[in-house]
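Below is one structure, written out as structure tokens; the observations come after it.
Just so it is clear, the model here is predicted, and its values are computed rather than measured. Atoms within each ligand, like the ligands themselves, are counted from 1 in listed order.
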Amino acid sequence: MTRAIQQESALILSAMILGLVNHLYFNRFEPESADGPLLALTVQPLLLRRLRIYPQLINRHLSTFPLHPLAHVPGPRLYKVSKLWSVWICSTGAQHTVTKALHDKYGPFLRTGPNEVSIIHADGVKAVLGTGGFQKGRYYDPQEESKLACNHTLQTLRGEEHASRRKIWNRGLSSEAIQEYEYILAKRVSQLADRLQELSGQPVNLAQWVGYFTFDVMGDMAFGGGFELVRDAGDKEGFWTLIEDGMKTLSLLSHVPWSAPTLKRLPKGAEPFLKLKGFGEACARNRLERGSSVKDLWYHLMDEAGIEREKPSLSQVASDGVLTVVAGSDTTSTAISCFMWFVLSNPEIYHRVQAEVDSVYGEGDSTLDSSKHEELRFLIACLNETMRLQPPVPTNGRRRVPSGGATFIGGCFIPDETEIYVPPYSLHRNPANFSSGPDIYDPDRWFRQHSPEEVFNTAAFIPFSYGAANCVGKQFAWREMLMVTSTLLKRFTFRFPEDFKSEGWVDGLHDYFVISIGYPLLVEISSR
Ligand code: HEM
């Protein structure tokens, strides 16, 4: 062996040892902040540079190491090495479609990070999200930073704390409470329809108007009113952008939760969150000063009836108010806008669903009467099919396998401390769960007698998530979606303008935890 080869072998060996030490350390002890890794990233390359070995060499031996506990889960090499790739994909808004393409290539178990697995096997739903499943993972931690917005919202609480706060939320969104909000909803639905009537005959961005509507509804629900976007025809406070920027930053940070404490020390690192928090606090102050003539959700969350032994704090409720607006407006408006896009793109379905609304709400009936909602079976199927293909929360947050909780899911070994998730967009389009034509808009699949070759597995349909932390607003969202879509279908005829390239509209749906609609949904409206 020449001296040069001996030297090279020694250097490679030392790099491998360093790689192994890093691997063992970071695999066991995920960093709490970016400080340690940054130090390691600075010192180790310098050290190796002196030894003439470059960090790429180490990278190869870290999370792609054949003895890594997740080595058996397939996925692209870049994902195995670092979460930074996910951050980049997420910043483009294409997380849902990229994850789907990777599942198509690698199968139902996909490694999307050094310590992260995505599952679209139907067994994953109960195992990860159901009773006996896992608690929320570190993905949610950036929201918990004390200097960041939405501190301790319902969405970031775990275990007992979550269960006791969720009890109050359940009360605020129970069937009984929703009956009281019906008045708010009906008022807002007629206001939207009246405004659209004024705009008939010209191209209108329907998605924008539906967005104004859902924001107004949530403003009424969470803070006793005050947004008035439909009335004033616009995003006058700029808080739409505020919420969108906040959500985008949050979804990026969520991929690298340990970077949040370090980033927050940088001057602009946490700005969108702080703005969002300021917005929530201002709305909360307004609600307190103004009071409310109706029992809104705030009434329940603040426990104004005095049912709880310990009254929730104002800051807690202000944070939950922001959560309501974020969780309840973009989601519902995405579902409604996508529904309109799907039915307008499928004229036969459009005519059938309109005919159903006409038959359920006959002469003299009001579409604001929700007691007939159960009769709208085809409309419900169309909305379900919409949320199957375009779930408003397409990727979902991560859960964490606890220490000592290693398990098998759908035959795949999932080691402890893994961040694991079940992304609805890919789950719903997996042919093992829905086929034939998993990517085809086919509302009839919700009705018809299924042949033995057909797969229709509703256990793998989770637009509202599943288990103890599923969507608490599901029942309200259904009431809202059915009331507004039946009203619009009954009152108007919609069509895409001649020169509108409607096929590409879905390409503008960006996944920033909730969907953000990038392109205008242009329609021409005429009264019927
Ligand atoms: C079509 C409309 C909606 C969809 C598809 C939807 C979907 C979801 C999903 C997937 C989650 C779980 C997120 C996670 O795991 O981190 C969730 C949670 C939640 N949603 Fe909704 N949502 C909708 C409407 C609403 C509405 C109208 C409200 C409020 C009135 C609401 C309030 C919430 C809250 C507070 C949570 C957190 C629940 C918890 O952590 O216990 N959502 N939603």
I need the contact type for [X] against ligand 1. Using non-hydrogen atoms and a strict under-4.0 Å cut-off, is it side chain, backbone, both or neither?
{"X": "Thr334", "value": "neither"}
{"X": "Phe513", "value": "side chain"}
{"X": "Leu323", "value": "side chain"}
{"X": "Arg399", "value": "side chain"}

Between the side chain of Asn396 and the main-chain N/O of Pro423, is any donor-acceptor distance below 3.5 Å?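 A pair under 3.5 Å: no.
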
Do any nitrogen or oxygen atoms of [X] come within less than 3.5 Å of a nitrogen or oxygen of ligand 1?
{"X": "Thr332", "answer": "no"}
{"X": "Thr324", "answer": "no"}
{"X": "Glu480", "answer": "no"}
{"X": "Arg166", "answer": "yes"}

Which of the atoms of ligand 1 are close to [X], meaning less than 4.0 Å from one of its heavy atoms?
{"X": "Lys136", "result": "40 (O)"}
{"X": "Asn396", "result": "10 (C)"}
{"X": "Tyr140", "result": "14 (C), 15 (O), 16 (O)"}
{"X": "His162", "result": "39 (C), 40 (O), 41 (O)"}

Heavy-atom distance to atom 7 (C) of ligand 1: which of Ala469, Pro463, Gly467, Pro392 wins?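 That would be Pro463.
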
Within 45° cone of Tyr140 ring axis and under 6.0 Å: Arg398 NZ or CZ: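 Not satisfied by the 6.0 Å and 45° rule.
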
Within 45 degrees of the axis of the six-membered ring of Phe223 and under 6.0 Å from its centre: does Arg287 put its NZ or CZ there? no

Cationic N near anionic O, under 4.0 Å, [X] to [Y]:
{"X": "Arg479", "Y": "Glu182", "value": "yes"}
{"X": "Arg491", "Y": "Asp194", "value": "yes"}
{"X": "Arg429", "Y": "Asp439", "value": "yes"}
{"X": "Asp141", "Y": "Arg400", "value": "no"}
{"X": "Arg165", "Y": "Glu308", "value": "no"}

So, does Asn470 sit close enough to ligand 1 that a heavy atom of it is under 4.0 Å from the ligand? yes

I'd like to know whether ligand 1 has Trp478 as a neighbour, heavy-atom separation below 4.0 Å. no

Phe456 and Phe434 aromatic ring geometry - parallel, tilted or perpendicular at 30°/60° bounds: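 Correct class here is perpendicular.
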
Looking only at protein heavy atoms, which one is nearest to atom 13 (C) of ligand 1, and what is the separation?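 Heavy-atom neighbour on the protein nearest atom 13 (C) of ligand 1: Gln155 NE2, 3.8 Å.
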
Is it the case that atom NZ in Lys311 sees more than 12 heavy atoms from other parts of the structure closer than 6.0 Å? yes

So do the side chains of Ser502 and Trp341 get within less than 4.5 Å of each other, counting heavy atoms only?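 Yes, side chains in contact.
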
Do Ser118 and His103 touch side chain to side chain, with heavy atoms closer than 4.5 Å? yes

Evaluate the side-chain contact (heavy atoms from CB on, under 4.5 Å) criterion for residues Arg138 and Glu417: first the C-alpha distance (whole Å), next the side-chain angles of each, then the deciding distance (0.1 Å), finally the verdict. CA-CA 10 Å; Arg138 295 201 55 195; Glu417 310 288 358; over 6 Å; no

Could you tally the protein N/O/S atoms lying less than 2.8 Å away from atom 21 (Fe) of ligand 1? 1

Just checking, any donor-acceptor pair under 3.5 angstrom between side chains of Thr418 and Glu116?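 Judged by distance alone, the side chains do not pair up.
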
